[in-house]
2 protein chains.
Amino acid sequence: MGTTQLETVPEPKYWHLKTVLSNALDSEFAVGEILPNERDLAARFGVARATLRQALEQLELEGRLQRRRGVGTTVAPPRMGVAVGDSRQAWPGAVADPWQTLGSTSGDVPAAVVRLLAPATGEAVYTVRRALTTDGQPVAAELLYVPAGSVPELTGDENAATAPGGATALPAGGAARARSVLRELHRLELDGQERTVELGSARADDARALDRLPGAPVLVVTTRYLSAGRTAAVSVATYRADTCRLTFGDAAPDLLAS
Amino acid sequence: MGTTQLETVPEPKYWHLKTVLSNALDSEFAVGEILPNERDLAARFGVARATLRQALEQLELEGRLQRRRGVGTTVAPPRMGVAVGDSRQAWPGAVADPWQTLGSTSGDVPAAVVRLLAPATGEAVYTVRRALTTDGQPVAAELLYVPAGSVPELTGDENAATAPGGATALPAGGAARARSVLRELHRLELDGQERTVELGSARADDARALDRLPGAPVLVVTTRYLSAGRTAAVSVATYRADTCRLTFGDAAPDLLAS
C-alpha cells in the first residue's frame with residue numbers, strides 16, 4: 001500500500017518485520033502453504049518471538065495469513081467478495097437467497113436487538129438460525145429475530161420464557177418451523193432495509209459454525225427490515241473477517257475482488 | 001448476547017474471564033473511566049497476565065474497551081453510527097459531504113487500486129487525502145485516487161513518477177489543488193457506486209491521523225465511483241474499528257445506534 005511521509009513516523013519493530021514478512025509471502029510462499037513454526041521464523045528474521053507474533057497478527061488482520069485449527073498458520077488466498085447490500089430489496093429466504101435455513105433457536109434475545117424490535121411486552125420472538133457457505137467453506141452465521149406480531153398466522157408455544165427487555169424467546173425448533181417463519185414473513189410488504197457493519201469477536205457458537213476459535217475477529221452486520229413503519233425483523237449476521245470482504249452495490253461481487 | 005448450546009462448547013479460560021469483566025464494566029465502571037493496570041486486574045480475578053490480556057483484547061474488538069495512547073485502557077462509549085452507503089448518490093466533496101479535504105499526496109498508487117482504476121499506461125493519478133471527524137474526534141482517513149482522464153481540465157506535473165502498474169503518482173500539493181481535483185470530478189455524471197468493507201490494520205500514516213497505534217484494527221471501505229462505464233475514481237477510507245459502526249441505508253444513522 002502507498003504511504004506518505006512514512007519517514008517522519010517512528011515505526012515499531014514489528015511493523016518493519018510485517019513488511020519484510022509480507023514480501024517473503026509474495027516471493028517464497030504459495031497460497032495454502034503452511035508457515036514454519038514461530039521459533040524458526042523468529043530465528044530467521046532475528047527477532048524476539050513476541051515481535052514475530054505481533055507481525056503475524058497484523059498479517060492475519062489484513063487477510064494475508066490464516067490461523068487454522070489443527071493446521072497452523074497458512075498463506076491466505078485473496079478474500080472473497082460476499083454480497084451484502086443487495087439492490088434487490090427482498091426478505092430473507094426469498095428466491096435466490098443463498099443462505100441456508102438451519103432451524104430455530106431458543107437463546108435470549110440480545111438487548112440491542114430488543115431495542116431495535118421494540119416488541120410489545122412479553123411478545124414472542126422467533127429466532128431463526130441460518131448459515132452462508134461458499135464452495136463448502138463457512139462464510140457467515142446469522143440469527144434472524146422475528147417478533148410474533150410480524151407473523152401472526154404462526155402460533156407460539158406455552159413453554160416460551162420471557163427474555164430481558166420484555167421479549168419472549170420461543171423454544172428451539174427444526175428447519176421446517178424456521179422456514180414457516182420465513183414464509184409468513186414474506187406475506188408482509190418490505191419497505192426498506194437499514195444496515196450497520198462493525199467489528200466484533202466470534203461468540204462460541206458462531207465460532208464453531210465458522211470453523212474459527214472463539215473470539216476471532218468477525219464483521220457483524222445488523223440489518224433492520226422495515227414494513228408498514230415498524231421493524232418487522234432484525235438479522236445479526238457474523239461474517240468471517242479473515243476470508244470475507246463485504247460488497248455493497250449493484251455490480252457482481254467479483255468486480256471488486258482483489 | 002444470546003447464545004445457544006453454549007453448554008456443549010468448551011470455553012477457553014479468557015472467554016469466561018471476558019464475560020466476568022464485561023459484567024464488571026457494566027456494574028462498576030463509567031464510560032471513560034481508566035481501568036486498573038493489568039497486574040492489579042490479573043490479581044483481582046486470579047488469572048495469569050496472558051489470560052487477562054486476551055480477555056482485554058476481546059473486549060477491545062467488541063468496542064467495550066479502548067486503548068488510548070498515553071492514557072491506558074478506558075471504558076468505551078457506545079460506538080457511533082457513521083453513514084457510509086448514502087442514498088444521495090454524490091461525488092466526494094459534494095454539498096453536505098462531511099469529509100474535510102486536507103491536500104494531495106505523492107505516495108504510490110496501491111496495486112489493488114491500480115487494478116480497479118485500470119489507468120492507461122503512465123496515466124497520472126491524483127491522490128487526495130481527506131479526513132472525517134465527529135465532535136473533534138478523528139473517525140476516518142481517506143485516500144481518493146482520481147486518474148487524470150477523469151479530470152482532463154487539470155494539468156499534471158512533469159516531476160511525476162511512474163508507479164508500479166503503469167499509473168503515475170503526482171507530487172504532493174495543498175488543499176487548494178485537492179479541491180480543484182474534486183471540483184473537476186463533479187463535472188462528470190455519476191452513474192453509481194460500489195463498495196467493499198473489510199477488516200484491515202492501520203498503516204502508520206492512517207494510525208497517526210486516527211490517533212491510534214500502527215496496526216490497530218480498522219474497517220477499510222473501498223468505493224468505486226462509476227461514470228460513463230468506467231471507474232472515474234476510487235476511494236480507500238480507513239475507519240476506526242473501535243469507535244465506529246458503519247451505517248448503510250436511508251434512515252438516520254442514530255436509528256441503529258446501540
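Side-chain atoms are counted along with the backbone in the values below, which use heavy atoms only and exclude waters and symmetry mates. Just so it is clear: chains get the letters A, B, ... in the order the sequence lines come, proteins before strands, and each one is counted from 1.
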Original post:
Shortest non-hydrogen contact from A/Arg79 to B/Leu199?
Top reply: NH1-O, 2.7 Å
Subject >> Point-to-point distance, once rounded to the nearest 0.5 Å, from OG1 of B/Thr222 to CZ of A/Phe248 >> reply: 12.0 Å
**OP:** Please look at A/Tyr239 and chain B and tell me whether the side chain, the backbone, both or neither of the residue comes under 4.5 angstrom of a heavy atom of that chain.
**Re:** neither
Original post:
Taking side chain as C-beta onward, heavy atoms only, is B/Glu57 less than 4.5 Å from A/Ser201?
Top reply: no
Subject >> Heavy-atom pair of closest approach, residues A/Val197 and B/Leu219 >> reply: O-CD1, 4.2 Å
Original post:
Heavy-atom distance under 4.5 Å to chain B: side chain of A/Ala202, backbone, both or neither?
Top reply: backbone
Subject >> Distance, nearest 0.5 Å, that separates OG1 of B/Thr247 from CD of A/Glu194 >> reply: 8.5 Å
**OP:** Nearest 0.5 Å please: distance from the CD atom of B/Gln58 over to the CZ atom of A/Arg203.
**Re:** 13.0 Å
Subject >> Interface moiety of B/Ala55 toward chain A, non-hydrogen atoms closer than 4.5 Å >> reply: neither
